[in-house]
Amino acid sequence: DVDGRAHEAHRSLQGGRGSGVDVACSIAGGLIEYRMQGRSARALALPEGFCWALLWSGVASSTAAKIRRLADAAKRPSRDALAAASESMADAWRSGDANTVLGEYPAYCDALQRFGVDHGLGIFDAGHDAVAEAAAEAGLVYKPCGAGGGDVGIVMGADAGEVDAFADGAARYGFSPLDVRFDANGVTTN
């Protein structure tokens with residue numbers, strides 16, 4: 001099957017490290033809940049009224065380097081706290097309610113930031129911390145995507161105009177909005 005072969009190739013290229021979530025997202029398409037154990041992906045519906053924009057930080061980040069650093073780091077309590085926050089975040093997404101999802105993100109982002117600091121990952125580096133603070137002041141939510149420390153982040157809210165205005169003004173932090181759209185279709189083969 002394509003899914004199994006893709007995960008096998010991904011793990012081989014990364015020396016057996018990494019979650020495989022990128023592969024699962026590419027294959028499944030749409031919004032998914034992903035579990036590393038068993039590499040299961042469950043389709044979710046994007047909640048009505050949930051608005052978002054992706055922002056490019058202007059700084060490339062090496063996911064492989066962060067994975068190596070995490071593998072070499074001693075396990076700290078923030079790892080368990082992030083796992084618990086992830087479960088709460090998954091529950092919020094399964095609710096299908098935009099306000100529930102948006103309301104859960106601040107606690108999740110706090111846990112993610114503590115985890116990044118504790119393990120020396122710099123997830124909120126490269127300006128992500130300033131953008132997150134500005135988004136919170138604007139009544140929006142922001143989090144780095146992937147391994148963080150550069151690459152992209154996502155700004156989220158319940159009002160498309162507010163999200164778009166924030167994304168358009170992200171240049172003051174050195175960030176640029178990306179012209180991407182949500183696609184419910186994953187990779188297909190003939």
Hydrophobic cluster membership, [X] vs [Y], 4.5 Å side-chain cutoff:
X: Leu82; Y: Ile154; value: yes
X: Leu44; Y: Phe50; value: yes
X: Val131; Y: Trp52; value: no
X: Leu46; Y: Leu178; value: yes
X: Val152; Y: Tyr173; value: no

Say you draw a straight line from [atom1] of [X] to [atom2] of [Y]; how long is it, rounded to the nearest 0.5 Å?
X: Asp80; Y: Ser86; atom1: CG; atom2: OG; answer: 11.0 Å
X: Asp97; Y: Glu104; atom1: CG; atom2: CD; answer: 12.0 Å
X: Ser78; Y: Asp110; atom1: OG; atom2: CG; answer: 12.5 Å
X: Met89; Y: Lys143; atom1: CE; atom2: NZ; answer: 9.5 Å
X: Lys66; Y: Ile123; atom1: NZ; atom2: CD1; answer: 7.0 Å
X: Leu31; Y: Arg42; atom1: CG; atom2: CZ; answer: 11.0 Å

| message | So Val101 and Pro47, do their side chains get closer than 4.5 Å, heavy atoms only? | response |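 In contact.
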| task | Determine whether Pro177 and Leu54 make a side-chain contact, defined as any pair of heavy atoms from C-beta on separated by less than 4.5 Å. | result |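 Side chain of Pro177 against side chain of Leu54, heavy atoms only: no contact under 4.5 Å found.
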Closest heavy-atom contact between [X] and [Y]?
X: Pro144; Y: Gly148; answer: CB-CA, 3.9 Å
X: Ala135; Y: Val155; answer: CB-CG2, 4.4 Å
X: Arg94; Y: Glu33; answer: NH1-OE2, 2.7 Å
X: Phe166; Y: Ala138; answer: CD1-CB, 4.4 Å
X: Cys51; Y: Ala160; answer: SG-N, 3.4 Å

| Are Leu121 and Arg69 close enough, and set up right, to give a side chain to side chain contact (heavy atoms under 4.5 Å, CB included), and what steps lead you there? | CA-CA 7 Å; Leu121 301 175; Arg69 182 176 297 215; 4.0 Å; yes
| Pairing of Asp118 and Arg79 as salt bridge, 4.0 angstrom limit |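 No salt bridge links Asp118 with Arg79.
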| task | Give the C-alpha distance, both sets of side-chain angles, the deciding distance and a yes or no for side chain to side chain contact (heavy atoms under 4.5 Å, CB included) between Met156 and Leu102. | result | CA-CA 7 Å; Met156 302 166 275; Leu102 293 167; 3.7 Å; yes
| said: Parallel, tilted or perpendicular, judged at 30° and 60°: which one describes the rings of Trp93 and Tyr105? | reply: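 The rings of Trp93 and Tyr105 stand perpendicular, inter-plane angle above 60°.
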| query | Do the ring planes of Phe175 and Tyr142 sit parallel (below 30°), tilted (30 to 60°) or perpendicular (above 60°)? | reply |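 Perpendicular.
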| Are the side chain of Thr100 and the backbone N or O of Ala92 linked by a donor-acceptor pair below 3.5 Å? |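 Judged by distance alone, no pair lies under 3.5 Å.
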| query | Do any N or O atoms from the side chain of Ser57 and from the backbone of Asp151 form a donor-acceptor pair under 3.5 angstrom? | reply |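 Flag set: sc Ser57 to bb Asp151 pair under 3.5 Å.
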| field | Audit row: Val117, Phe124, side chain to side chain contact (heavy atoms under 4.5 Å, CB included) steps and yes/no | value | CA-CA 9 Å; Val117 169; Phe124 280 80; over 6 Å; no
